[in-house]
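Everything below concerns the one structure shown next.
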Amino acid sequence: MPITDDIKSAAYKAGFHAVGITTAQPFYKAQETLKEKWEGGLLTGSGYNPEVINLYTHPHKTLPGARSIISVALSYLTEDAPAPQTGSGPRGLVARFSRGMDYHPIMQERLSQLSARIREIAGRPCRVLQAADTGPFADRAVAVRAGVGFQGKNTCLYTKDWGSWVVLGEIITDLPLAPDAPAPPRLCGDCNKCIKACPTGAISRPYTVDLRLCLSQVTQMKGFIPPPLREKMGARIYGCDTCQNACPLNAKAGCGGLKEFAQTSGIGEAPELIPLLQMTNAEFKKRVSPTTAGWIGRTRIRRNAAVALGNIGDSAAIPALLAALADPSPIIRGHSAWALAKIGGREAGDALLAALAREPNPDAALEIKNALEAF
Ligand code: B12
Ligand code: SF4
Ligand code: SF4
């Protein structure tokens, strides 16, 4: 059996759902796309610059002597019932990839197993380097060229059997391996469902997502969220699945069913928002830190909960939002003021006036002033 077949069997044995192999040649198309996006300001706030883009798309700069890349996909879809409904208060919405445990350590553990097997299979000293998401590679571009899947107009990577509900990783090596044929492009045909479904018009043209408008990015961004985007967030607490939910290619997606991704192990699909806004550090560590959403920290999750409460408009949230006007974080105070303005009511108006009189932070003060205009 050729070494590539052994490596692919080892990948499935390590628990991956799809695998493919490509060369370590530069990713010129991804470089061009990223450069174009950077020049057009579409990557503002992403940390990309021409140097990073160059590294990201030239694998040999990360691993000198690199010859091949093994690309893998892991399905995070689970069929479990929603987490038990313990309360009757308003609820948020969490994207599928963050309802259970964080996929990063799960992916890295499987990549480590596979790296060890590759060394054994090679039977000689070789260099291997693994990466997923936070590594210096364009994971989707790697997966496309390795034949793992193709990109839809929403830029998501679609696998044949598991739809787009997969996360990606790769192992780069100096072993020369026979590459797979790249996935064929343009499989969306005339469909534009994801573009129509996107609440912000972030898919500015087919195969291009404007990072600044994408609600997945908006839920993750630091600081004060621009008010027009707050309105569009709806009940989203972390991530956005709207364009993938709208996609017919996902209708028959298989379900990996990994127990680590089951909702009962994380914050689930629809956490109650008032407890989320009031969450202590200890509660955050227990409930959110172990999930993919954990990296954004407690303040951003609570900020998003305040925005969601404002968008839902349930007056049951007023006491919690009033208390949040005295929160130590100006971000929580500012977004709670915004949410109170959306819900309305005399009590909220009086509390905002009092809050403005004692507000030391200029950004939060501006939020409260703007909120008062709604009364
Ligand atoms: C930055 C980033 C984001 C940003 C920007 C995403 C974007 N679409 O631009 C934000 C925060 C918005 C984001 C959101 C999400 N992300 Co993200 N993200 C990344 C990250 C870190 C880098 C992506 C990147 O800039 N790639 C480089 C550029 C060049 O690639 P590209 O934008 O896909 O460009 C390609 C296309 O434009 C294509 N193209 C251009 N023209 C044409 C024309 C035709 C005809 C064709 C066919 C193709 C084509 O060619 C380019 C090169 O391949 C990767 C991890 C990584 N290290 O790669 C994860 C990653 C892409 N994200 C991932 C996930 C899971 C998500 C979310 C689903 C999470 C969620 N539920 O909220 C959403 C999906 C939103 C969406 N519609 O893309 C997964 C992808 C899983 C998948 N099946 O696709 C990744 C790979 C992480 C991982 N390792 O699993 N993400
Ligand atoms: S993830 Fe949401 S906001 Fe981003 S492109 Fe898809 S539908 Fe639009
Ligand atoms: S919704 Fe339609 S256009 Fe968008 S990715 Fe799916 S098939 Fe392609």
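Since we're looking at a predicted model, the values are computed, not measured.
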Would a distance-only check, ignoring hydrogens and angles, find a side-chain to backbone donor-acceptor pair under 3.5 Å from [X] to [Y]?
{"X": "S289", "Y": "K286", "answer": "no"}
{"X": "N192", "Y": "I195", "answer": "no"}
{"X": "T173", "Y": "S68", "answer": "no"}
{"X": "D210", "Y": "A202", "answer": "no"}
{"X": "E272", "Y": "I274", "answer": "no"}
{"X": "D174", "Y": "R127", "answer": "yes"}
{"X": "R140", "Y": "T155", "answer": "yes"}
{"X": "N250", "Y": "S164", "answer": "yes"}
{"X": "S98", "Y": "A293", "answer": "yes"}
{"X": "E283", "Y": "T280", "answer": "yes"}

Does D102 have any salt bridge (Lys or Arg N to Asp or Glu O under 4.0 Å) partners at least two apart in sequence or in another chain, and if so, which?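 Not a single residue meets the salt bridge (Lys or Arg N to Asp or Glu O under 4.0 Å) criterion with D102.
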
Any idea which heavy atoms bring [X] and [Y] closest together, and the distance?
{"X": "A235", "Y": "I312", "answer": "CB-CD1, 4.1 Å"}
{"X": "E170", "Y": "A132", "answer": "OE2-N, 4.2 Å"}
{"X": "V288", "Y": "M279", "answer": "CG2-SD, 3.9 Å"}
{"X": "A341", "Y": "A371", "answer": "CB-O, 3.6 Å"}

E51, CD atom: more than 12 neighbouring heavy atoms under 6.0 Å: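 Counting other residues, nucleotides and ligands, CD of E51 stays at 12 neighbours or fewer.
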
State whether the number of non-hydrogen atoms from other residues, nucleotides or ligands found under 6.0 Å of K232 atom NZ is greater than 12.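 No, the 6.0 Å shell around NZ holds no more than 12 heavy atoms from other groups.
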
Whichever hydrophobic residues join [X] through chains of side-chain contacts under 4.5 Å:
{"X": "V307", "result": "L213, L215, V218, M221, I225, L229, M233, W338"}
{"X": "V142", "result": "F27, L63, I69, L129, F137, I172"}
{"X": "I331", "result": "F224"}
{"X": "Y158", "result": "F150, L187, L249"}

Check side chain to side chain donor-acceptor pair (under 3.5 Å) between E231 and all other residues, then give those that pass, not counting sequence neighbours.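 Testing E231 for side chain to side chain donor-acceptor pair (under 3.5 Å), a comparison that skips the adjacent residues, returns K342.
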
Looking at residues at least two apart in the chain, or sitting in another chain, which of them share a side chain to side chain donor-acceptor pair (under 3.5 Å) with R67?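 Scan of R67 (side chain to side chain donor-acceptor pair (under 3.5 Å), adjacent residues dropped) gives none.
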
Does Y56 have any ring-ring contact (aromatic ring centres under 6.0 Å, His included) partners at least two apart in sequence or in another chain, and if so, which?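 Applying ring-ring contact (aromatic ring centres under 6.0 Å, His included) to Y56 gives Y48.
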
Can you sort out the partners of Y238 under ring-ring contact (aromatic ring centres under 6.0 Å, His included), two or more places apart, ordered by chain and number?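 F97.
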
Would you mind checking if E32 and K35 are paired as a salt bridge, meaning a charged N to carboxylate O distance below 4.0 Å?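 No.
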
What pairs meet the side-chain hydrogen bond (donor to acceptor under 3.5 Å, both in side chains) rule with one or both residues in residues 300-324, with sequence neighbours excluded?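 Qualifying pairs: R302-D327.
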
Is a side-chain donor-acceptor pair under 3.5 Å present for [Y] with [X]?
{"X": "R145", "Y": "T23", "answer": "yes"}
{"X": "T78", "Y": "R99", "answer": "no"}
{"X": "Q108", "Y": "S112", "answer": "no"}

Determine, step by step, whether L93 and D241 satisfy the side-chain contact (heavy atoms from CB on, under 4.5 Å) criterion, reporting the C-alpha distance in whole Å, the side-chain angles of both residues, the deciding distance to 0.1 Å, and the verdict. CA-CA 10 Å; L93 180 64; D241 283 338; over 6 Å; no

Can you check side-chain contact (heavy atoms from CB on, under 4.5 Å) on W38 and I53, steps first, answer last? CA-CA 9 Å; W38 187 74; I53 293 170; 4.0 Å; yes

For the [atom1] atom of [X] and the [atom2] atom of [Y], what is their distance to the nearest 0.5 Å?
{"X": "I296", "Y": "I301", "atom1": "CD1", "atom2": "CD1", "value": "4.0 Å"}
{"X": "D363", "Y": "I368", "atom1": "CG", "atom2": "CD1", "value": "11.0 Å"}
{"X": "I106", "Y": "L74", "atom1": "CD1", "atom2": "CG", "value": "7.5 Å"}

L258 and M101: CA distance, side-chain angles, deciding distance, side-chain contact (heavy atoms from CB on, under 4.5 Å) verdict: CA-CA 10 Å; L258 291 185; M101 303 304 279; over 6 Å; no

Could you walk me through whether R358 and L325 pass the side-chain contact (heavy atoms from CB on, under 4.5 Å) test, one step at a time? CA-CA 10 Å; R358 62 170 191 263; L325 288 178; 4.1 Å; yes

Salt bridge (charged side-chain N to carboxylate O under 4.0 Å, His left out): pairs with one or both residues in residues 190-205, sequence neighbours excluded: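 For residues 190-205: E36-R205.
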
Quick one: side chains of residues 11-18, donor-acceptor pairs under 3.5 Å with protein atoms, not counting sequence neighbours, listed by atom name and distance.
residue: H17; atom: ND1; partner: S75; partner atom: N; Å: 2.9

